[in-house]
**Student:** 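Please see the structure below; I have some questions.
When reading the values below, keep in mind they use all heavy atoms of this one structure, side chains included, and skip hydrogens, waters and symmetry mates. In this chain, numbering begins with 1 at the start of the sequence shown.
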Amino acid sequence: MKLCTVDCEPITTYSLERNLMLTKIFGKELYRALLLLKPKHWRYFTGIVMTAVISTMLTVGRSYAVKVISNAIVSQDPAGFQRGMLQFIVLVLVMVGVFPFFAWMYNKNAKLTGAKMVTLFFENLIHLPVKYFDAHHTGDIVSRMNNDTMAMEGIYGGYLRRMITPFISAIIIAVTMLIYHWKIGTLLILLNLLYVFLNSCYAVPIRTVSEKILADMSKATQKALDFIAGNTTIKVFQLDRMMLERYAATNRELTSHLIKRLTLEGCLEGTNYLLNMVNSIGITTVGFFMAIRYGLDIGSILALMSIQSGLTQALLGLSKNIPVVQESLVGARRVFEFLDEPAEPDYPTNARETKTITSIELKDIHFTYPGEEEPVCQGLNLTIRAGEIIALIGPSGSGKSTILKLLLSFYQPQSGEILINGEPITNYSLKTLRDLIAYVPQEPFLFQGTIEENIRYGKPDATHEELVRAATAAYAHEFIDELPEKYQTDISERGASLSGGQKQRIAIARAILKDAPLLLLDEATSALDTRSEYYVQKALQQLMKGRTTIIVAHRLSTIRDAHRVFRMEGGKLIPVEQLTVETVDSSKVMPLGSGINLNFSRGKG
């Protein structure tokens with residue numbers, strides 16, 4: 001389901017095969033980009049058309065003034081001279097007076113459309129399923145968000161105007177030239193049309209190399225983000241040289257494509273310069289010949305020479321901007337590829353509502369990750385009663401965390417059914433389903449902001465007293481109270497200013513504040529030292545009280561309170577009657593309390 005909270009038309013593709021030339025030069029991205037201008041598109045185009053007409057009429061008016069004044073000088077007619085000057089001055093005053101209004105109309109709507117496009121991008125980003133982020137590098141998403149949206153904004157901010165304005169100017173000037181002298185006018189129009197043809201020949205090659213440039217920029221961004229996120233590993237393993245060489249290779253490829261595009265643009269510019277010189281020499285020669293042979297007045301010759309430069313600049317601007325628009329359309333294509341990604345599938349709007357959990361059942365679940373061949377779940381079955389604490393153990397990669405992702409509906413099984421309160425989870429909306437669940441991962445994510453803001457995400461409308469009670473239950477209040485700004489302490493990026501245990505306790509406080517009936521713990525203590533684990537374990541004991549809990553763990557200390565333990569093996573859950581260190585972790589990494597034997601009954605205990 002696609003969501004669109006901004007004022008826009010549906011972003012759908014449209015067949016442009018009716019105009020093969022436009023499709024070949026611009027592709028379908030231009031039409032889709034124009035759809036974003038709705039419903040205020042008429043203001044945008046009115047602004048462009050009127051500014052084009054005004055600027056062109058000034059060029060035409062100047063040429064007419066040149067004709068009248070030149071003929072008045074030759075014929076020594078002071079009245080004609082004064083009349084020509086007065087007409088031109090009045091035209092300039094009128095046109096200059098109304099030009100700013102239409103320019104403002106265009107620019108305002110260009111900015112609004114650019115903002116709408118960015119809003120659509122972020123809206124789609126929020127509604128994408130988790131599997132999209134698992135399958136795509138952060139650098140590629142950031143590159144589309146920065147480089148490609150900026151390139152696409154150029155369509156509204158200038159490139160489209162630079163296409164429409166020369167087109168309108170060329171029509172008005174061409175008609176004026178034919179009025180002045182149809183033979184010379186026709187010759188000059190044909191010569192100038194050669195500009196458009198030659199420049200359009202460069203459009204496809206420039207678009208092709210522009211696509212490679214944006215792809216290279218995406219790769220470079222991915223590598224840069226890897227360097228930033230993994231800087232500690234790079235230093236410890238002394239990977240500086242290797243990483244630098246990999247980035248340099250990507251940068252060399254990017255530079256190569258940039259140089260290729262500059263070469264194409266340079267050849268295009270040289271061709272246009274040559275044609276411009278031929279054009280100027282041609283009109284002078286033809287005008288001189290027509291004056292001698294047919295007695296063409298000097299004013300018409302000078303007017304044609306004056307207005308011809310306007311036609312040349314118009315068609316030159318049109319032809320030069322065809323390749324430039326291609327660069328923006330490449331960004332637009334990548335943006336629309338992103339917008340076309342299907343949003344996370346929600347379940348029926350008339351879905352069932354519930355705030356409690358009486359039972360959870362996984363029936364014959366078969367699941368394989370997209371793009372993978374090895375199944376993770378093969379006929380997996382599990383029934384959980386309300387208030388039970390279930391522990392899942394097994395080697396890394398066996399699929400324990402996958403069960404949590406399926407319960408959260410981050411992924412959907414290929415076959416089998418997940419039931420809550422005897423109802424398939426597809427009968428609940430995603431909001432209802434996730435309101436039932438509190439999730440504490442191994443590495444909790446803390447947002448940029450204050451400690452209070454991060455805890456409050458569990459219940460945005462919570463009072464400060466409720467928030468403090470949650471922090472106290474999570475054994476976080478004590479260390480928060482010792483901070484200079486207490487709950488208003490600003491957390492640096494990803495909580496880098498806090499220890500692992502402190503971050504985990506803030507995440508637990510967030511889960512306590514949410515007060516959801518189902519708790520999912522995904523190795524919540526595996527990365528902590530002994531002291532931090534002690535406080536986190538006490539916080540988790542508070543959090544698990546009265547809640548149905550599923551624990552994924554490698555440590556015996558984490559699952560002491562479990563009513564039942566299952567080992568993930570071969571895509572199925574196998575009940576564990578007697579628990580030892582070896583049972584918990586087949587890698588034989590001895591956790592705290594190694595050698596302890598624990599017996600678990602099948603009841604709640």
Side-chain angles (χ1 to χ4, degrees), residues 8-9 11 13-14 16 19 21-38 41 44-45 47-48 51-52 106-122 124 140-167 196 199-218 220-221 254 257-266 268-269 272 316-340:
C8 63
E9 294 287 322
I11 307 301
T13 52
Y14 177 79
L16 293 178
N19 194 326
M21 183 66 176
L22 282 177
T23 303
K24 181 178 179 181
I25 295 176
F26 297 116
K28 298 178 182 179
E29 293 82 9
L30 181 59
Y31 179 82
R32 297 189 69 188
L34 294 180
L35 281 179
L36 283 174
L37 289 165
K38 292 185 176 183
H41 55 288
Y44 178 84
F45 287 111
I48 290 180
T51 53
Y106 147 73
N107 283 308
K108 177 185 177 181
N109 285 279
K111 294 296 182 184
L112 289 174
T113 304
K116 181 194 291 186
M117 182 266 296
V118 173
T119 301
L120 275 174
F121 189 97
F122 275 91
N124 199 66
D140 179 63
I141 299 173
V142 171
S143 181
R144 290 175 191 263
M145 185 167 55
N146 293 334
N147 301 327
D148 298 338
T149 56
M150 188 179 298
M152 186 174 170
E153 280 188 83
I155 296 174
Y156 310 114
Y159 297 145
L160 194 58
R161 178 179 61 83
R162 292 176 199 147
M163 292 287 295
I164 296 174
T165 298
F167 181 75
V196 179
N199 279 266
S200 64
C201 292
Y202 283 88
V204 175
I206 288 179
R207 177 178 179 129
T208 301
V209 73
S210 294
E211 289 179 347
K212 294 178 180 178
I213 287 171
L214 283 177
D216 290 340
M217 291 173 70
S218 176
T221 304
L254 172 60
H257 289 138
L258 285 169
I259 292 172
K260 185 175 180 180
R261 187 171 70 183
L262 286 172
T263 302
L264 288 169
E265 291 172 346
L268 177 60
E269 189 173 347
N272 287 330
L316 187 61
L318 179 64
S319 55
K320 285 177 71 174
N321 274 286
I322 290 175
V324 174
V325 169
Q326 297 302 317
E327 299 172 21
S328 287
L329 291 178
V330 170
R333 178 184 60 77
R334 285 170 54 84
V335 169
F336 285 127
E337 281 179 356
F338 183 84
L339 293 178
D340 288 339

**Student:** Any cation-pi pair here, Arg144 with Phe338, using under 6.0 Å and within 45°?
**Tutor:**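 The answer is no, since Arg144 fails at least one limit relative to Phe338.
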**Student:** Might you point out which heavy atoms bring Thr113 and Leu37 nearest each other, and give the distance in Å?
**Tutor:**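 Scanning both residues completely, I find the closest heavy atoms to be OG1-CD2, 3.2 Å.
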**Student:** Looking at CZ of Phe336 and CG of Asn124, how far apart are the two atoms once the value is rounded to the nearest 0.5 Å?
**Tutor:**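 The distance works out to 12.0 Å.
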**Student:** Can you give each donor-acceptor pair under 3.5 Å made by side-chain atoms of residues 153-167, sequence neighbours left out, with the distance rounded to 0.1 Å?
**Tutor:**
from	atom 1	to	atom 2	distance (Å)
Tyr156	OH	Ala33	O	2.7
Arg161	NE	Tyr106	OH	3.4
Thr165	OG1	Arg161	O	3.0

**Student:** Which atom pair, heavy atoms only, marks the closest approach of Ser328 to Ala151?
**Tutor:**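 For Ser328 versus Ala151, the nearest heavy atoms are OG-O, 2.9 Å.
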**Student:** List in chain and number order the residues that pass salt bridge (charged side-chain N to carboxylate O under 4.0 Å, His left out) with Arg261, two or more places apart in sequence or in another chain; answer none if no residue qualifies.
**Tutor:**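 Listed in chain order: Glu327.
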**Student:** The criterion is side-chain contact (heavy atoms from CB on, under 4.5 Å); which residues satisfy it with Lys108, sequence neighbours excluded?
**Tutor:**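 Testing Lys108 for side-chain contact (heavy atoms from CB on, under 4.5 Å), a comparison that skips the adjacent residues, returns Trp104, Leu112.
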**Student:** Nearest 0.5 angstrom please: Lys212 NZ to Leu254 CG, how far?
**Tutor:**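 It is 13.0 Å, given to the nearest 0.5 Å.
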**Student:** Restricting to side-chain hydrogen bond (donor to acceptor under 3.5 Å, both in side chains), what partner residues turn up for Asn109, sequence neighbours left out?
**Tutor:**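 Scan of Asn109 (side-chain hydrogen bond (donor to acceptor under 3.5 Å, both in side chains), adjacent residues dropped) gives none.
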**Student:** Side chain to side chain contact (heavy atoms under 4.5 Å, CB included) between Met117 and Thr149: does it pass, once the steps are laid out?
**Tutor:** CA-CA 8 Å; Met117 182 266 296; Thr149 56; 3.9 Å; yes
**Student:** So do Glu337 and Asp148 actually touch side chain to side chain, heavy atoms under 4.5 Å?
**Tutor:**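 A side-chain contact is absent here, since even the closest heavy-atom pair is not under 4.5 Å.
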**Student:** How long is the gap from CZ on Phe121 to CG on Asn146, to the nearest 0.5 Å?
**Tutor:**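 It comes to 8.5 Å.
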**Student:** With sequence neighbours left out, write down each residue that passes side-chain hydrogen bond (donor to acceptor under 3.5 Å, both in side chains) with Asn107, or none if nothing qualifies.
**Tutor:**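 Checked Asn107 against side-chain hydrogen bond (donor to acceptor under 3.5 Å, both in side chains); zero matches.
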**Student:** About how many Å separate CZ of Arg333 and CZ of Arg32, when rounded to the nearest 0.5 Å?
**Tutor:**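 It is 12.0 Å, given to the nearest 0.5 Å.
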**Student:** If I compare all heavy atoms of Val209 with all of His257, which pair ends up nearest, and what's the gap?
**Tutor:**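 Residues Val209 and His257, closest heavy atoms: CG2-O, 3.4 Å.
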**Student:** Please enumerate all residues that pass ring pair (Phe, Tyr, Trp, His ring centres under 6.0 Å) together with Phe45, with sequence neighbours excluded.
**Tutor:**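 Per chain and number, Phe45 pairs via ring pair (Phe, Tyr, Trp, His ring centres under 6.0 Å) with no residue.
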**Student:** Let me see the working for Ile213 and Val330 under side chain to side chain contact (heavy atoms under 4.5 Å, CB included), right down to the final yes or no.
**Tutor:** CA-CA 10 Å; Ile213 287 171; Val330 170; over 6 Å; no
**Student:** Please report the interatomic distance CD1(Ile259) to CG(Leu264), rounded to the nearest 0.5 Å.
**Tutor:**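 Those atoms lie 12.5 Å apart.
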